[in-house]
Amino acid sequence: MIEDKAVASRLWAVVPAAGRGSRFGAALPKQYLPLAGKTVIEHSIAALLRCPEINEVLVALHAEDETFIKLACAKHPKVRSVTGGLERAESVELALAALNGAAATDWVLVHDAARPCLSDADIHALLLEGREHPLGAILAARVVDTVKRVNAQREAVETVDRNTLWRALTPQLFRYGELRAALKHCREHALPVTDEASAIEQFGGRPLLVEGSHRNIKITYPDDLTIATAFLAGGVND
């Protein structure tokens, strides 16, 4: 039954990009910083557009954003923008509501605007495994560093077992109807939503984790641009 739905259902993509990138400390939001001849968000959207199954890429923007419309990717026939919200979850909700003709059983990929090094192989793996799971899946990477728990004074008090710890990446893949219901549930109950998987979890679901590449980094601090430049120069699909 799951296979039949996967074949019949359409695939959409949402890119929440209404954040102002305060942690980065730059004058421009981090998604508009230059990276390997383009902006960060152009690389992120290009990765989605390389997937021919995606019906539309909907980008949720800050209400005062005047930059996105000037980018070449904004003119792509599969790309459309909508005004987002103050928080990521609100932006995703608004984007989902604006997906014209989306059915409850359709699949939605939510991808960070600041993850420019997404590979075709990771998208393929996520779609292949995620659409076989009742709820969907997220790209994730195993934690390889030793992890410490600290006290208020920033002193190590415990070494955490990393064998069951993974870092959540994007895209994250869920059914359109299930994701909308989960986000609504969290909003109505004032539950914190750090990513789409956390909304699904608080709605009672257990998403599958699909192992993705450690190259799929999120641009958060200035040094990340240097790392992403090296990854893109080497070819994220190599």
Side-chain angles (χ1 to χ4, degrees), residues 15-17 19-26 29-31 33 35 40 43-44 47 87-89 91-92 109-119 121-130 133-174 179 182-183 185-186 189-232 234 236 238:
V15 180
R20 309 309 284 171
S22 56
R23 279 182 292 179
F24 198 93
K30 60 187 177 182
Q31 62 265 29
L33 293 172
L35 173 66
V40 170
H43 288 286
S44 302
E87 302 292 338
R88 175 197 178 93
S91 290
V92 174
L109 283 168
V110 183
H111 185 50
D112 291 331
R115 287 192 189 273
C117 300
L118 173 65
S119 70
D122 274 5
I123 293 182
H124 177 75
L126 179 64
L127 293 176
L128 184 65
E129 295 187 51
H133 191 272
L135 281 176
I138 70 171
L139 283 178
R142 298 174 189 271
V143 171
V144 296
D145 297 309
T146 297
V147 178
K148 301 290 186 180
R149 194 183 309 281
V150 301
N151 59 19
Q153 290 72 44
R154 211 164 60 247
E155 299 167 336
V157 297
E158 180 187 1
T159 298
V160 181
D161 181 5
R162 68 187 178 198
N163 291 323
T164 59
L165 297 179
W166 292 61
R167 294 187 295 110
L169 311 175
T170 69
Q172 303 195 352
L173 175 74
F174 297 107
L179 182 54
L183 289 169
H185 170 80
C186 291
H189 292 83
L191 299 173
V193 176
T194 55
D195 64 356
E196 292 63 52
S198 68
I200 295 291
E201 292 158 17
Q202 293 180 100
F203 198 49
R206 294 183 177 180
L208 177 70
L209 270 60
V210 175
E211 189 160 11
S213 170
H214 286 273
R215 293 187 178 194
N216 185 9
I217 65 169
K218 184 176 182 180
I219 305 300
T220 306
Y221 300 107
D223 285 351
D224 296 330
L225 284 173
T226 303
I227 298 169
T229 299
F231 286 160
L232 291 169
V236 294
D238 292 346

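Quantities reported herein were computed from a predicted structural model and do not represent experimental measurements.
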Task: Working for side chain to side chain contact (heavy atoms under 4.5 Å, CB included), residues Phe174 and Leu109 - done: CA-CA 7 Å; Phe174 297 107; Leu109 283 168; over 6 Å; no

Task: Side chain Asp122, main chain Leu139, donor-acceptor under 3.5 Å - done: no

Task: Min side-chain heavy-atom separation Val147-Thr159 under 4.5 Å - done: no

TODO: Measure from the side-chain N and O atoms of Gln202 to the backbone N and O of Leu183, and report whether any donor-acceptor pair falls under 3.5 Å.
DONE: no

Task: Considering all heavy atoms, the nearest Ala199-Ala182 contact - done: O-CB, 3.6 Å

TODO: State, to 0.1 Å, how close Val160 and Arg149 come at their nearest heavy-atom pair, and which atoms those are.
DONE: CG2-NH2, 3.8 Å

Task: Check against side chain to side chain contact (heavy atoms under 4.5 Å, CB included), Leu118 and His111 - done: CA-CA 9 Å; Leu118 173 65; His111 185 50; 3.8 Å; yes

- [ ] Answer yes or no: is there a donor N or O on one side and an acceptor on the other, between the side chain of His133 and the main chain of Leu135, under 3.5 Å?
- [x] yes

TODO: Could you walk me through whether Arg115 and Leu169 pass side chain to side chain contact (heavy atoms under 4.5 Å, CB included), step by step?
DONE: CA-CA 9 Å; Arg115 287 192 189 273; Leu169 311 175; 3.7 Å; yes

Task: Exercise: identify the closest heavy-atom pair between Val143 and Arg167 - done: CG2-CG, 3.9 Å

Open item on the list: I want to check something: taking the side chain as every heavy atom from C-beta on, are Ile217 and Ile227 in contact at a cut-off of under 4.5 Å?
Closed with: yes

TODO: Check for a donor-acceptor pair, side chain of Lys30 on one end and backbone N or O of Ile219 on the other, with a separation under 3.5 Å.
DONE: yes

TODO: Write down the atom of Leu126, the atom of Pro171, and the distance for their closest heavy-atom approach.
DONE: CD2-O, 3.4 Å

Open item on the list: To check you understand the geometry: which heavy-atom pair defines the closest contact between Ala113 and Pro16, and what is its length?
Closed with: CB-O, 3.8 Å

Task: Basic-acidic side-chain contact under 4.0 Å: Asp112, Arg88 - done: yes

- [ ] Would you sort out whether Leu127 and Leu173 count as a side chain to side chain contact (heavy atoms under 4.5 Å, CB included), showing the intermediate values?
- [x] CA-CA 8 Å; Leu127 293 176; Leu173 175 74; 4.1 Å; yes

- [ ] Can you see which heavy atom on His43 is nearest to which on Leu35, and at what distance?
- [x] NE2-O, 2.7 Å

- [ ] Look at the side chain of His124 and the backbone N and O of Leu128, then say whether any donor-acceptor pair between them is shorter than 3.5 Å.
- [x] no

Open item on the list: Can you confirm whether Glu211 is buried at CD, in the sense that more than 12 heavy atoms of other residues, nucleotides or ligands lie under 6.0 Å from that atom?
Closed with: yes

TODO: Give a yes or no answer on whether the side chain of Gln172 reaches the backbone of Ala197 with a donor-acceptor pair at less than 3.5 Å.
DONE: yes

- [ ] Measure from the side-chain N and O atoms of Glu155 to the backbone N and O of Asn151, and report whether any donor-acceptor pair falls under 3.5 Å.
- [x] no

